[in-house]
Amino acid sequence: MPVRVNPEQSFATALAETGRPLAGMWACSGSPLVAEICAGSGLDWLLIDAEHSPNGLESLLAQLQAVHGYPILPVVRPPVLDPVIVKQYLDLGATTLLIPMVDTAELARLAVSSAQYPPRGIRGVGSALARASRWNRTEGYLQNAGDGISIIVQIESVEAVANIVEITGVDGVSAVFIGPSDLAASMGLLGQQDHPDVVAAVEHCIATVKRLGKPVGVNAFAEPLARRYLAAGVDFILVGADVALLARGSEKLAATFIAAAPTAPGAEPLSSY
C-alpha cells in the first residue's frame with residue numbers, strides 16, 4: 001500500500017509563524033553535497049539559484065532531494081520568468097520560487113498565474129508524473145497545491161522601484177525581495193550596493209512593502225548593511241553564499257600559509273620567480 005505524503009510547510013507560513021526575520025544563504029555551486037552541508041547549518045532558508053549558477057533540472061532535483069528532511073526552507077530561483085520553467089520547477093517539488101526581474105504588476109500577475117492550476121492560473125497539469133505530488137501520493141494535491149506555493153517577486157531595477165506599490169498589491173504575491181546589486185546597476189552605480197542612493201531606494205521599498213502588509217526581504221552580504229536592513233524591518237534576508245564562503249575562506253588560507261611562510265635558508269623567495 002503506498003505511503004501518503006503530507007505537504008511541506010510553505011515559506012509564507014514560516015514567515016507568518018516564526019516571529020523573527022528569517023536568515024538564509026545562497027546555494028550556487030550546483031552541488032547536492034554542498035547544498036546538504038548548508039541545509040544543516042542552522043539557517044532558516046536556502047536559495048538554490050539557477051539565474052547565475054550552473055543549475056539545470058537534474059541538479060535542482062538532486063539538491064531538493066538532498067536538503068529534504070533538514071530544518072531549512074528551500075527556495076528556488078529560475079533564470080527568467082517563464083511559465084514553462086515555473087511549471088517544471090514546481091513539478092520537481094519546489095514550493096517557493098523567487099522570480100527575478102519583476103519590473104511591473106503585469107509581470108507579477110504572470111508569475112502568480114504560472115504557479116496556479118486553472119481556473120486560477122495557467123500551470124500545466126502533470127501531477128501523476130511529478131515529484132511535487134509524490135506521484136499522486138499527496139492526497140488532494142491538484143485541489144490544494146496552490147495553497148502551499150509561495151511566489152516571491154524580486155525588485156531589482158529603477159522601474160520596479162517606481163512600480164513597487166502596484167507590484168506588492170498583486171493578489172497571490174507572497175512576498176517581495178529586493179536585489180541591491182542589479183538595482184545599483186540600474187541606477188548607474190554598478191557594484192556600489194552600499195551607495196547612499198541605493199540604500200535609500202532599498203529602504204524606501206522596505207517601508208512601502210511593510211506599509212502594504214506583505215513580507216519583504218533583501219540580499220546583504222556585508223554585515224553592516226544586513227544589520228541596517230534588519231533594523232529597517234525586513235522579514236527575511238540572505239547573508240552569504242556557498243561559493244563566496246569557499247572563495248574567501250580559501251583565500252584566507254593562502255594568505256595565512258603562503259604569504260607568511262618563512263623562506264628556507266639559501267632559497268629564493270617565491271615572489272622572485
Side-chain angles (χ1 to χ4, degrees), residues 3-27 35 38-49 60 63-78 86-87 89-100 102 108-109 111-117 120-121 123 127 130-134 137-155 167-178 206 209-219 229-230 233-239:
V3 175
R4 291 295 176 186
V5 182
N6 295 321
E8 298 177 354
Q9 184 185 40
S10 73
F11 195 82
T13 301
L15 282 171
E17 294 181 350
T18 302
R20 59 168 176 78
L22 302 182
M25 67 176 290
W26 298 71
C38 297
S41 64
L43 289 166
D44 297 303
W45 65 292
L46 185 68
L47 178 61
I48 304 172
D49 182 50
L60 290 172
Q63 288 171 87
L64 288 170
Q65 291 171 326
V67 306
H68 181 72
Y70 284 87
I72 200 164
L73 293 161
V75 178
V76 181
R77 182 169 74 166
V86 169
K87 172 181 64 178
Y89 283 22
L90 294 176
D91 282 353
L92 287 180
T95 57
T96 304
L97 299 182
L98 174 61
I99 307 297
V102 177
R109 283 190 286 270
V112 171
S113 178
S114 298
Q116 297 288 339
Y117 288 125
R120 297 167 65 185
R123 179 183 174 186
S127 61
R131 178 176 178 266
S133 69
R134 299 306 189 265
R137 289 172 180 161
T138 301
E139 190 171 355
Y141 178 80
L142 286 175
Q143 292 73 31
N144 302 314
D147 297 332
I149 292 171
S150 300
I151 294 295
I152 306 170
V153 296
Q154 189 161 353
I155 303 297
I167 292 170
T168 303
V170 170
D171 186 34
V173 167
S174 304
V176 174
F177 185 82
I178 307 158
I206 293 171
V209 177
K210 295 288 287 184
R211 175 171 54 83
L212 295 171
K214 284 195 176 174
V216 59
V218 70
N219 187 61
Y229 293 145
L230 286 166
V234 293
D235 301 287
F236 58 111
I237 191 168
L238 289 169
V239 292

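- In terms of the side chain to side chain contact (heavy atoms under 4.5 Å, CB included) criterion, Thr95 has no residue partners (sequence neighbours excluded).
- With sequence neighbours excluded, no residue forms a side chain to side chain donor-acceptor pair (under 3.5 Å) with Lys214.
- The two residues Pro74 and Thr96 make their nearest non-hydrogen contact at O-CB, 4.1 Å.
- Pairing each heavy atom of Arg123 with each of Ala132, the nearest pair is NH2-CB, 4.2 Å.
- By the salt bridge (Lys or Arg N to Asp or Glu O under 4.0 Å) test, Lys87 pairs with no residue at all, sequence neighbours left out.
- With hydrogens and angles disregarded, a donor-acceptor distance shorter than 3.5 Å links the side chain of Ser174 to the backbone of Ile151.
- Residues Val216 and Lys210 are in side-chain contact: their nearest non-hydrogen atoms beyond the backbone lie under 4.5 Å apart.
- Gln154 pairs by the side chain to side chain donor-acceptor pair (under 3.5 Å) definition with Arg77, Glu156, not counting sequence neighbours.
- The minimum heavy-atom distance between Ala111 and Ile99, with the atom names listed, is CB-CG1, 4.1 Å.
- In this structure, Tyr89 has no ring-ring contact (aromatic ring centres under 6.0 Å, His included) partners at least two apart in sequence or on a different chain.
- When side chains are defined from C-beta on, Leu47 counts as touching Leu238, because their heavy atoms get closer than 4.5 Å.
- Applying side chain to side chain contact (heavy atoms under 4.5 Å, CB included) to Val176 and the options Thr168, Asp235, Ile152 leaves one that passes, Thr168.
- Residues meeting the side chain to side chain contact (heavy atoms under 4.5 Å, CB included) test with Asp147, sequence neighbours left out: Arg120, Asn144.
- Leu73 contributes atom CG, which lies 7.5 Å from atom OG1 of Thr18 (distance to the nearest 0.5 angstrom).
- Closest non-hydrogen pair, Tyr229 versus Ile206, comes out as CD2-CD1, 3.9 Å.
- Closest non-hydrogen pair, Leu15 versus Pro215, comes out as CD1-CB, 3.7 Å.
- Applying the side chain to side chain contact (heavy atoms under 4.5 Å, CB included) rule to Asp44 yields the partners Arg20, Leu22, Ala23; only residues at least two apart in sequence or on another chain are considered.
- The side chain to side chain donor-acceptor pair (under 3.5 Å) search around Ser127 returns Asn136, not counting sequence neighbours.
- Residues Ile237 and Pro21 have side chains not in contact (no heavy-atom distance under 4.5 Å, counting atoms from C-beta outward).
- The distance from atom OG of Ser114 to atom CG of Leu97, rounded to the nearest 0.5 Å, is 9.5 Å.
- Under the side chain to side chain donor-acceptor pair (under 3.5 Å) criterion, Ser10 pairs with Thr13, sequence neighbours left out.
- In this structure, the ring-ring contact (aromatic ring centres under 6.0 Å, His included) partners of Phe11, at least two apart in sequence or on a different chain, are Trp45, Phe236.
- The only member of Ile72, Leu43, Leu46 that meets side chain to side chain contact (heavy atoms under 4.5 Å, CB included) when paired with Cys38 is Leu46.
- Contacts of Val170 classified as side chain to side chain contact (heavy atoms under 4.5 Å, CB included), with partners at least two apart in sequence or in another chain: Ala105, Ala108, Arg109, Val112, Val173.
- Counting heavy atoms from C-beta on, the side chains of Val76 and Leu92 never come closer than 4.5 Å.
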